[in-house]
Structures are given as C-alpha cells and as structure tokens.
2 protein chains.
Amino acid sequence: MADFIEPRTLKGFRDYPPELMIPRERLLEKAREVYRSYGYAPIDTPALEYAEILVGKMSEEAEITRQLYRFTDNGGRDVALRFDLTVPFARFAAQHIGKLGTPFKRYHMGPVWRGETPQAGRFREFWQCDFDTIGTESNASDIETALVIHDLMRALGFERFEVRINNRLILNGLLEELGLAEKGAALLRALDKLPKVGRDAVIAEMTEKAGATAGQAERVLALAGMTGTNAEILDRLGREFGGNARAAEGVKRLRELTDVARVAGVPEERLRLDLSIARGLDYYTGTIYETFLLDLPKIGSVCSGGRYDNLAALYTKQRLPGVGASLGLDRLLAAMEELKLLPKTATPAPVLVVQFSPERLGEYQRMARQLRAEGIGVEVYPEAKKVGQQFKYAEQRGFRVALTAGPDEFAQGVWKVKDLARREETTVPAAGVLNAVRKLLVG
Amino acid sequence: MADFIEPRTLKGFRDYPPELMIPRERLLEKAREVYRSYGYAPIDTPALEYAEILVGKMSEEAEITRQLYRFTDNGGRDVALRFDLTVPFARFAAQHIGKLGTPFKRYHMGPVWRGETPQAGRFREFWQCDFDTIGTESNASDIETALVIHDLMRALGFERFEVRINNRLILNGLLEELGLAEKGAALLRALDKLPKVGRDAVIAEMTEKAGATAGQAERVLALAGMTGTNAEILDRLGREFGGNARAAEGVKRLRELTDVARVAGVPEERLRLDLSIARGLDYYTGTIYETFLLDLPKIGSVCSGGRYDNLAALYTKQRLPGVGASLGLDRLLAAMEELKLLPKTATPAPVLVVQFSPERLGEYQRMARQLRAEGIGVEVYPEAKKVGQQFKYAEQRGFRVALTAGPDEFAQGVWKVKDLARREETTVPAAGVLNAVRKLLVG
C-alpha cells in the first residue's frame, strides 16, 4: 500500500453507503412532505459562519464552544462550522425577516458539526431536521406543532407512539406561588432528571442545590407526577391553579390544544399531557413537546421542541417569539431499524432487467423506460454476464423482480417475470409485463 | 445596533430563503427520482476529509489546492472541506468497493466548498449533483448515462435541449495516426476553446503551444467540425477511421449508443453526435457528454460528464473504470428561472385556510388534514387577524386558493373557496371542498 494514499474517513465521521443512505433519504423525504403539507417552507444557510455569530454570548470555555470546528480562513476571518440549525436560523431571521414577513414557517435539514469525543452512536457530523413558526404567540401554532409531530410519526410508519406535552407556564406559576420563581432553572434541571435518577435524588438536588424546602420540592414533584387522562389532568390543574394567572394561561393553552386536536381527528392516546417533562433548556417558555415510541421508550424522545419567547435577541431588537421542534434523525433511524420499519435494500430500483442478449439492449431499455414512466424503478444490468451471475447480483442487492428475454422470448413476444424472494418465474406477453410487475411489488 | 452581533453571512456564501430553496429542492427531487428510477443508489460522504485525501497528487500551488478550506482540527489533524464530490467518491470506492461489489451505481448530492474570489453567480459554497456507474467498461453504461441525462432534462420540464455526445477514442485515434498522441492533452485544451475563441485562435494555439503543424491542426479541426445527422456522421467516421483500431472502437460505441437510444424511444434530435466537444479534462477517456438548452445555449452545458479509465488510482490498486455525469445545479436553476419553468412562490402549500373564528380552529385543522391526506398542502393561518390581512398574506406568499368559513358557513355546512389569482369566490358544501380545490389547482 506504500504507493497509495490510505482511503479513510476522519475519526467521528462516517460514510453513508446505500443501505444507510436509502433509509435516511426516505426519512427526510417523509419529513419534507409533512412539513410542506402544513405550509412550512424550506430554507438553507451556509455550513460556515462567522465564529462570533455561532459563539454568541457563550463563554469560550462552554462545552459547545470548545467543540466548534473553528479556524481562520484564507481571508483572515474567524469562521466555524455550524453546530446546530437554531443559531443559523436566528441569524437568518434577524437578517431577512423584514422581507419575509411574519408569521414565518420554515423547515431546515442539514448537517451540523461538533468535535465531540466520539462514542457509540454519536458522530462529529450529523443531520438535524427542524421546523418552526416564528413571529406569532398564537396558541394555534403551538397546537399545529403537535399535529405536525403526530402526522410526521404516522407518515414514518409508526402507530404506537405518544407525543407528550406540557406547558412551562404551569410549573412557573407554581414556583411563583411558592416564592421560588428565581430558582426556576435549577429546579427544572433537577426535575428533568426524574426518569433517570428517581424521586429521592431529585428532591435531594432540589433542596441541596436549588434552595427549595422539602415541602416545596414535594409540591413540584406532585405536579410533575400528576397522572390520568388528559381531561382528568386538565380538571385537576384547573382546580389547583385557577388562581395563578400564569399557570391558568398554561392550563388554558393545553386545554385548547387537546380540544382542537380531538376535533381535527388526532386520537387522544397519541397526544398525552405529561407534567413531568421539563426539557432542561432555559430556552423554552411555553408549550413543550417530547415524543416517545411505546415499543422503544428507552431510546428517549425522537422529536422534541417547544415555545420560546424570542429567537434572535442576539442579532436584532425585533422580538421573534416562536414554536417548533426537531426530529431526532439518528435515533429514529435506529428505532426504525430495530422495529423493522426499514426495508433492507441496497438498490432504490426494485426491478432488474437481465442482459441476456446484448444486441437487444435497445429493447431492454425500452421496456425499462416504459416501467419507469409508470413510477417503477428499473435497472438494466450493464454486462451480458451469465444469467446466474446476474440473478445472484439481483438477490444480493435486494432487487425484488427480474425480467428476462432472450431470442425465444423476443420471437414469441413474451418476457419472463421472476419473483426473486419466492424464486417463482412466469412468462407473460410484453404488454402484460407492467401489470405483472405491479402485482409482485404490491403483494 | 451596538448591543447586537451583526447578522451577516461570509463573503461568497449565501442564504437560501424559500423562494430560492423551493426550486432547489424541486430540482434535487426530480434528479433523485430519475437517478433512482435507473437503479442509481444514494451515498453520502463527510464534508470534512483528511487534506491529503483531497489534495492527492495535486501540487500545493494548484488553483484548487489554494482554494481549499483547510485547517488543523482540535486533534491536530490536517483537514479540509471537500471541493467536489468526485474525489470523496474515489476515496469512498477504494474503501468500500470490496463490500459493495461491482458494477456499482451511485448518485451523490451535496454542498462543496472552494475559496474562489467571489464573482457574479459564483459562490464559495455550492451544490453538486453527480451520478456514476463504476466497475464496468461496458458500453451499456455509457448508453444508459445518455438516457439518464435525457430523462432528467425531460423530468425537469425541458423540451428543447440537446445532449451532445462524442468519444475521445476517435480524436485519440486520429492523433495516433498523425503521430501526435503525446500532445493529446494540449490539443484537447486548445480544441475545447473553439466555441469561445474561434477557429483561427485554436489553430494558433495548436501550432504554437501544442507542437502540431498547420496541416495537422486542420485535420483535427475538420474532425471536430463534422456536421450532419447522426447517421451521416457515423457513415463518414466509419469510412475515414475504419483503419485505426482505437478510433473504430469509438465509432462503434457511438453507433451502438444512437441505435439503442432510438429503439429505447429517445428522439434522435435530443441525442446529437458532436465531434467538437472535447471537455478539457484529461480525466475522460471515452464517451463524453454535454447538454445544451436550445433556448439558452449561451449558458453553457447544464449536464456534463464522460467515461474514465480509473476512478481511484490514488487510493487503491483495484482498477475502477466508470462513466457518469454531473448536473449543473446553479446553471439549471438560472435557466429555469429565465425560461419561466419555476413557479414563483414562497410557500410549498397552495391552500390557505383563513382563521375567521378562532373557536373553530379544530374544524379548520380537520378540513386541512383531510386535504393533506389527499396530497394537498394546506396552511391554517395562525392568528384570527382581519380577513383582508389574511388574504393579503396569502397573495404575497403565493398561495393559490383560500378557504374561509365563519358562523354562517358552519351553520349551513358550506365553505367559501377562493381562487386567489382570479379573485373569484364560490361557496361549496363541506363535502365538495376537496374536489373544488383540486379543480382550481389543476386548472
């Protein structure tokens, strides 16, 4: 190998061969379809930004700052690769919102880079897939965000999932009543660990680090631990928090959300109020969302987000409240693989035309083009190898149907249509190939 | 603004707001659809690679090397952002081909980065969109490449275009006969300038820089200037170059290409033999392709490529011959805009549901979800603003249909359906909204 440059990828980076890329493309396509169907428009921003834009007010020692791919470009500029899509969106909004107008709904899909210590399932380059509505405080957008998440999960083929929904205003209202408003962030961080560390450890953190009394911690945990149907939870919240304006607003928004979703046709069991979800980020100020697969709860939330007060405060004085969520692409792909929702294939075309007689290549491509025009992907094998080798190739790559015609078939105007999984071959007239293939692909 | 970080993009980089991103997504989608329909599978590679992989055997002073975004990462590695998709594909193939097997057909779409001096229409970050078949020398793949380009242009909505095709072997055969085989690269570079600088300048360059005699330069130009139908050109080539094995192989391949394409159903006027195209790169060794829009020839080739002898010689001893082409995304988008093939819109959803009565949000979203389930994108306006304002928003964003229902309509079970371009509104029963909307969107 001394004469060659060793072909290798950087640590923490990976190639996507077809068997990984086909599912990723399919997932992104479904997401695009659902986002668009709700009127979210696509945007893109550069991979590279001025480092000051990305660092913002974070300290140079913050973890995310240390993980930046940051360098000085040929023109002497301090630049970095984006580490998420939210900061570029904030910069983008500050720069263009005057022309775009509000409300503005966008989705954005693309790679981001973080120089994290690589570990199982974590990469230094990974895709994010966000959607947001900015420029409005209307609860209609909070509600729509829940509907989008629901329809997205359905479009990806999931049936058994829950979008868990909470509203920060309720907990904030309680903290206000308890005189703990200032301690909100620390209490939320503690509460967020509930599923991982359990009740006692959370109380310990709340009393030791966040300065709450044991009684106050109990009240917070009682709120978070509230169970029941959506209607039961809303009733209890209404009774307990009717007196606090902030909490009452949160309860009203949640009630409206469940009402609208029901009328709009979303099954109640898929949108569940869950007062325990807190989402550690200080960033969210209203409705918050997490999404769990009932068959794989341990994988964590596969789509999370929430409402925030102001997107782009670092870059503009225009206040831009918004609400949105982000699809956990890699988690979802892992889950879909585990739940066998991903077809195992290395070809995007299900049909292979065997090259039996090279002088008939025109006819092979003509048949292929006829099927392609009907939306069926068809590869014509490029070489006139032995038929057995071509069938072997077809099976290895995951083709489902093989079409063969040699001199005898052309003389009779027929094709052989082979179901590769069942290894069954039938002979059909040329004009019947489309229907025969369709039947095999549907069945 | 002193308190804010100025929101700006780096010189030579740009944001894609919806009116730019919607067409780009549409174009990429059509390309994906066509590539897949022929069995090309998607792959992706990291944006960042070891610099030694990207630089290869290029000198540190080469233009492309100087344009690299290259830096030392936190781990002390010499890394760079990819400047095209071909070099990463070569590295990818060297690394994975044993597992992938041959023939291997892939497409790859993604951003690449070059620190060029920014000028009109040129950016430091731009997308490439390549497809290739590697691991076979079969002419079937050369032919298929032409069919893919043809079907791609049709899928993008173009009718008046020509895929111009040549084969390097013919010119190489002539040069061999003239004893100029060693001067091939320099002569090709001169010939490639023919459309720009004209005949005399090309002859001057050939005699002065490439060491040909005037007579030899005339022979080369006579070949390049051959005109006629594909059949006429093939006849003349057959007569003139039958004696040279290399050229004869080139002629045979071109003949087979036009024969197969005709039988496969591609109109002859769309695949034209053109002996003048040379594609300056030394890289190509066989069939070469350029694609011109008959209504915008000056924009240059919008899809170009060719056959090469060995993709990954820098990284592996396994010889990987191949053939492929690359879509000129930015040129195509500019052309489609000029030819009005791009709908002017900032929304991916054609239908807006006006929020007339906020307490009816559930019904608005229910109707919207019914249309979405039929593949029609529908946005529900998030705020209960004045109807006039909502209509204005709909027109500005490029919505085509607005649906309105207030207390009167709900009482009667009807909706108002408004054609926003014609400003015509009709009232239809709720059950008839889908059909009414469909009619307006088709018409």
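Convention: sequence-line order gives letters A, B, ...; per-chain numbering from 1.
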Heavy-atom distance under 4.5 Å to chain A: side chain of [X], backbone, both or neither?
X: F126(B); answer: neither
X: L147(B); answer: side chain
X: L371(B); answer: neither
X: A313(B); answer: backbone
X: V380(B); answer: both
X: E33(B); answer: neither
X: V266(B); answer: both
X: D151(B); answer: side chain
X: N74(B); answer: side chain
X: T102(B); answer: backbone
X: L81(B); answer: side chain
X: E19(B); answer: side chain
X: Y393(B); answer: side chain
X: P111(B); answer: neither

Using a cut-off of under 4.5 Å on heavy-atom pairs, state which of G101(B), A140(B), P350(B), P348(B) scores highest against chain A.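 It is P348(B).
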
For the interface with chain A, which of R77(B), E363(B), R32(B) has the highest count of heavy-atom pairs at distances below 4.5 Å?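 Result: the option with the highest number of such pairs is R32(B).
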
What's the separation between atom [atom1] in [X] and atom [atom2] in [Y], rounded to the nearest 0.5 Å?
X: R262(B); Y: R366(A); atom1: CZ; atom2: CZ; answer: 11.0 Å
X: E359(B); Y: E256(A); atom1: CD; atom2: CD; answer: 10.0 Å
X: D15(A); Y: D44(B); atom1: CG; atom2: CG; answer: 8.5 Å
X: S37(B); Y: E379(A); atom1: OG; atom2: CD; answer: 11.0 Å

Working for salt bridge (Lys or Arg N to Asp or Glu O under 4.0 Å), residues E52(B) and R8(A): CA-CA 11 Å; E52(B) 66 161 5; R8(A) 57 190 178 138; 3.6 Å; yes

Give the minimum heavy-atom separation between [X] and [Y], together with the two atoms involved.
X: G362(A); Y: V263(B); value: C-CG1, 3.5 Å
X: L48(A); Y: F13(B); value: CD1-CZ, 3.8 Å
X: I53(A); Y: P7(B); value: CD1-CA, 4.1 Å

Using non-hydrogen atoms only, which part of Q396(A) is less than 4.5 Å away from chain B: side chain, backbone, both, or neither?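 For Q396(A), no heavy atom lies under 4.5 Å from chain B.
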
Using a 4.5 angstrom heavy-atom cutoff, name the option from [options] with the most pairs to chain B.
options: H108(A), R397(A), K99(A); result: R397(A)
options: R36(A), R70(A), K57(A), E49(A); result: R36(A)
options: G115(A), A368(A), P103(A), S141(A); result: P103(A)
options: A384(A), A93(A), G377(A), G75(A); result: G377(A)
options: P358(A), G39(A), A349(A); result: G39(A)

Apply salt bridge (Lys or Arg N to Asp or Glu O under 4.0 Å) to the pair D3(B) and K317(A), showing each step before the final yes or no. CA-CA 9 Å; D3(B) 288 347; K317(A) 66 183 171 192; over 6 Å; no

Run the numbers on R91(B) and T9(A) for side chain to side chain contact (heavy atoms under 4.5 Å, CB included), then give the verdict. CA-CA 9 Å; R91(B) 193 268 308 147; T9(A) 48; 3.4 Å; yes

Pair S138(A), E383(B) - check side chain to side chain donor-acceptor pair (under 3.5 Å), show working. CA-CA 6 Å; S138(A) 170; E383(B) 297 177 346; 5.6 Å; no

Start with the C-alpha gap between Q365(B) and Y38(A), add the side-chain angles, then the distance that decides, and say whether side chain to side chain contact (heavy atoms under 4.5 Å, CB included) holds. CA-CA 10 Å; Q365(B) 283 288 3; Y38(A) 276 84; 3.8 Å; yes

Would you say the side chain of P18(A) lies within less than 4.5 Å of the side chain of I43(B), judging by non-hydrogen atoms?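 Heavy-atom side-chain distance check passes, below 4.5 Å.
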
Could you check whether the rings of W113(B) and W113(A) sit parallel, tilted or perpendicular, using 30° and 60° as the cut-offs?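 Geometry flag for W113(A) against W113(B): perpendicular rings.
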
